[in-house]
Amino acid sequence: MARPNEEVEALLQEYADLIAITRGDAIKARAYEKAARAIGGYPSDVSHLDVKGLRDIPGVGKSIAEKVTEYFRTGRVSAVEETRSRIPAGVRELITIPTLGPKKAMTLYQDLHISSIDELADAIHAEKLRDLRGFGEKTEENILHGIALMQQAGDRILLNVAMDTAEDIVAELSRTSGCERCAYAGSLRRMKETIGDIDVLVAADRSAPFMAALTGLPLTAEVIAHGGKKTSIRTTKGLQVDLRVVPPDSWGAGLQYFSGSKAHNIRTRTIAVRRGLKLSEYGLFDAESGQQIASRSEEEVYARLDLPWIPPTLREDRGEIEAGIKGELPALVTERDIRGDLHTHTDLTDGLAPLEEMVRAAAARGYAYYAITDHAPNLYMQQMTDAKILAQRERVRELDGKHRRMRLLHGTELNIDPDGEVDWPQDFLEGFDICVASVHSHFNLSRKEMTRRLVRACENPHVNVIGHPTTRLIGKRQGIDADWDEVFAVCARTGTALEVNAQPDRLDLCDEDILSAKRYGVKFAIDTDAHSTVTLAHLRYGVGTAQRGWLTKDDVINTWPLQRLRRFLRKERTT
DNA sequence: GCCGTTTTCGGCCCGACTGTTTTCAGTCG
């Protein structure tokens, strides 16, 4: 997707943050935030637009359009530079700590000259915050907890950020002459939820041109190591990329080796050793004679170990070797199996694109059906009303089947309140084709209360899918605490699907929870929760996560034909 | 800063919760 849009989004968001931190006009800050989001979700490349074209984007007026063109003309925006010079970058970093906002960050900077997360942690431990107005014991505790949460994610970055960079690099190296094969490997190929560094593999006779191509990329900020077999760089975003070049006839062995996981590779190497073989990144060899037995493709390497090819998303030593030996590997769900998205938003609530645009973009993805599920009234900021949702339903019915014969489902994303109740009474819910229900508040109930809350939502005859079930935000918020075994059992019993939310900072349920839930016979919905046409493409991350949870097509309700899906959506209600 | 007009200024997503205060500021969804 258009990278320039993301650059501008980040820049405008930064400016909005800086305005908020410097106690500037809050409404102005919000205007920049809104424009940032609009440009981030804008479906075509904004670097090709002039001021007039930019102003056609909702939320972008004269001032912001001029800043955007200034950015593409000069690589910088003077107004942003000016504000940056007054506020160290570390102060902005402070507001990424959950519960710490712009006001507190500015107080910390002005009164204690704190301008980094480390300095803040030190200051708390030295009890320097005690005298600050607005800061108390609990605040210190919350900040430290927030910092701990962020450190748990460590230096790892979200899947989509790594994927964008990796795909750029692979595309670039593939164009380099002499390239026989090129792919990313490592945890990215296994679709782990966060990525430490990017591994890229090239098959070629000569390595030098590829090493040079990598170190010469515009995104390369620093060369960490530069050799004949391996080169490591750090990107401008601080992400490490390791490139390895192997001879073409070692491609399969190299890809297998560098895809990992470590635990999986230990198992495959042990199997090799037991057979008098040796497995390395260069191939499978006879241990005694050193004769090369297999190496050209992954399939060939696995086959000589009497294993079927194992999909990378399963390679975690979580039973895939045993399943492979028995010929019981699951036929994993793929992106192509998905017939429709069942959780999406429009600009009627907090989405960016109007209904028609979302529908058109969904149809372009080849979906057979598509659900629109805007927020329900209890999420107050969304200002939903009965009249608005019913008017939307009329328009959905009009558009049904009009784009590539794609069928439309009219739904909503309900809010599960602390008692497990949802926004609308049963007779009103009856009018929806599908209801997703999610937790959006009261994250800190006791385990018992939270379990009861989710169980009651599942028992609601109109609730079809529990959206982002744990509500975790990777690196930001821990998931809610519930007796998940009980919840999974109730989901299976009531015919309530659990969502695999594909937003890269959610991936919720996560792979391990999916594995647990599947044992109870739960069904799943892989949804994007898209708020723009662009993010419909995040589906792949949901599919990757589902694969890591060993899901097959049959486990996932939105791979089913519409008729079967509709039967599922009726739950136990008899009609 | 943007938008949409009753075209040139007034409104802009609203309410809950938390922790700090002693009546409310800050953060979040």
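Below, read A as the first sequence line, B as the second, and so on, with proteins coming before strands; counting in each chain starts at 1.
Relative to the ring axis of A/Phe432, A/Arg393 places its NZ or CZ within 45° and under 6.0 Å from the centre. For the pair A/Arg477 and A/Phe443, the distance from NZ or CZ to the six-membered ring centre is under 6.0 Å and the angle to the ring normal is within 45 degrees.
Comparing A/Ala35 and A/Thr107 by the nucleotide of DNA chain B that holds the closest heavy atom to each, the one mapping nearer the 5' end is A/Ala35. Take the nearest nucleotide of DNA chain B for A/Ile64 and for A/Ala105: the residue whose nucleotide is more 5' is A/Ile64.
Within the nucleic acid shown, A/Thr99 comes within 4.0 Å of sugar-phosphate atoms alone, with no base atom in reach, counting heavy atoms only. Across all strands, A/Lys62 comes closer than 4.0 Å only to sugar-phosphate atoms, never to a base (heavy-atom distances).
A/Asn415 places its CG atom 14 Å from the C1' atom of B/dC13, with the value rounded to the nearest Å. Summarising the geometry, the separation between OH on A/Tyr32 and P on B/dC2 is reported as 6 Å, rounded to the nearest angstrom. Summarising the geometry, the separation between CZ on A/Arg506 and P on B/dG29 is reported as 9 Å, rounded to the nearest angstrom. Following rounding to the nearest Å, A/Ile27 (CD1) and B/dC13 (P) show an atom-to-atom distance of 9 Å. A/Asp347 has its CG atom 16 Å from the C1' atom of B/dC2, to the nearest Å. Rounded to whole angstrom, the span from the CD1 atom of A/Ile19 across to the P atom of B/dC12 amounts to 20 Å. In this entry the distance linking CD of A/Glu70 with P of B/dG1 reads 13 Å, nearest Å. Distance CD1 (A/Ile21) to P (B/dG26): 14 Å, rounded to an integer number of Å.
Defined by atom type and a distance below 3.5 Å, a donor-acceptor pair is present between the side-chain atoms of A/His345 and A/Glu413. Under the 3.5 Å distance criterion, with hydrogens and angles disregarded, no donor-acceptor pair is assigned to the side chains of A/Ser116 and A/Glu93. For the residue pair A/Asp423/A/Asn415, the side-chain donor-acceptor check at 3.5 Å is satisfied.
A salt bridge links A/Arg456 and A/Glu421; the closest N-O separation between the charged side-chain nitrogens and carboxylate oxygens is under 4.0 Å. The residues A/Lys476 and A/Asp505 are annotated as not salt-bridged, no charged nitrogen and carboxylate oxygen being separated by less than 4.0 angstrom. Between A/Arg548 and A/Glu512 no salt bridge is recorded (no basic side-chain N to carboxylate O distance below 4.0 Å). No salt bridge links A/Lys28 with A/Glu33; every basic N to acidic carboxylate O contact stays at or beyond 4.0 Å. Ionic pairing of A/Arg453 and A/Asp419 is not present here: no N-O contact between side-chain nitrogen and carboxylate oxygen is shorter than 4.0 angstrom.
For B/dT18, the O4'-C1' to base torsion is more than 90° from 0; the nucleotide is therefore anti. Look at B/dT6: its glycosidic torsion is beyond 90° from 0, and that puts it in the anti range.
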Could you go over nucleotides 14-20 of chain B and give all protein N or O partners under 3.5 Å, atom names and distances?
{"from": "B/dC17", "atom 1": "OP1", "to": "A/His442", "atom 2": "NE2", "distance (Å)": "3.3"}
{"from": "B/dG19", "atom 1": "OP1", "to": "A/Asn142", "atom 2": "ND2", "distance (Å)": "3.4"}
{"from": "B/dG19", "atom 1": "O3'", "to": "A/Thr139", "atom 2": "OG1", "distance (Å)": "3.3"}
{"from": "B/dT20", "atom 1": "OP1", "to": "A/Gly136", "atom 2": "N", "distance (Å)": "2.8"}
{"from": "B/dT20", "atom 1": "OP1", "to": "A/Gly136", "atom 2": "O", "distance (Å)": "3.1"}
{"from": "B/dT20", "atom 1": "OP1", "to": "A/Glu137", "atom 2": "N", "distance (Å)": "3.2"}
{"from": "B/dT20", "atom 1": "OP1", "to": "A/Lys138", "atom 2": "N", "distance (Å)": "3.2"}
{"from": "B/dT20", "atom 1": "OP1", "to": "A/Thr139", "atom 2": "N", "distance (Å)": "3.1"}
{"from": "B/dT20", "atom 1": "OP1", "to": "A/Thr139", "atom 2": "OG1", "distance (Å)": "2.9"}

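Distance from the side chain of A/Lys103 is smallest to B/dT27 among B/dG1, B/dG29, B/dT27. Comparing B/dC12, B/dT27, B/dC2 by their nearest atom to the side chain of A/Ser63 picks out B/dC2.
Phosphate proximity of B/dC3 to A/Arg55: absent, as no side-chain N or O sits under 4.0 Å from OP1 or OP2.
Checking B/dG4 for Watson-Crick or G-U wobble geometry (two distances, each under 3.5 Å) identifies B/dC9 as its partner.
Taking atom C1' on both nucleotides, B/dT27 is separated from B/dT20 by 13 Å, rounded to a whole Å. The separation of B/dC2 from B/dC13, taken at their P atoms, amounts to 15 Å, rounded to a whole angstrom. Look at the P atom in both B/dT6 and B/dG11: the space between them is 15 Å, to the nearest Å. Comparing B/dT5 with B/dC12, their C1' atoms sit 14 Å apart, to the nearest whole Å. Nucleotides B/dT18 and B/dT23 are separated by 15 Å at their C1' atoms, to the nearest Å. Rounded to the nearest Å, the gap between the P atom of B/dT21 and that of B/dG26 is 12 Å.
Ring centroid separation for the pair A/His440 and A/His468 comes in under the 6.0 Å cut-off.
Of the residues in residues 77-96 of chain A, not one comes within less than 4.0 Å of DNA chain B through any heavy atom.
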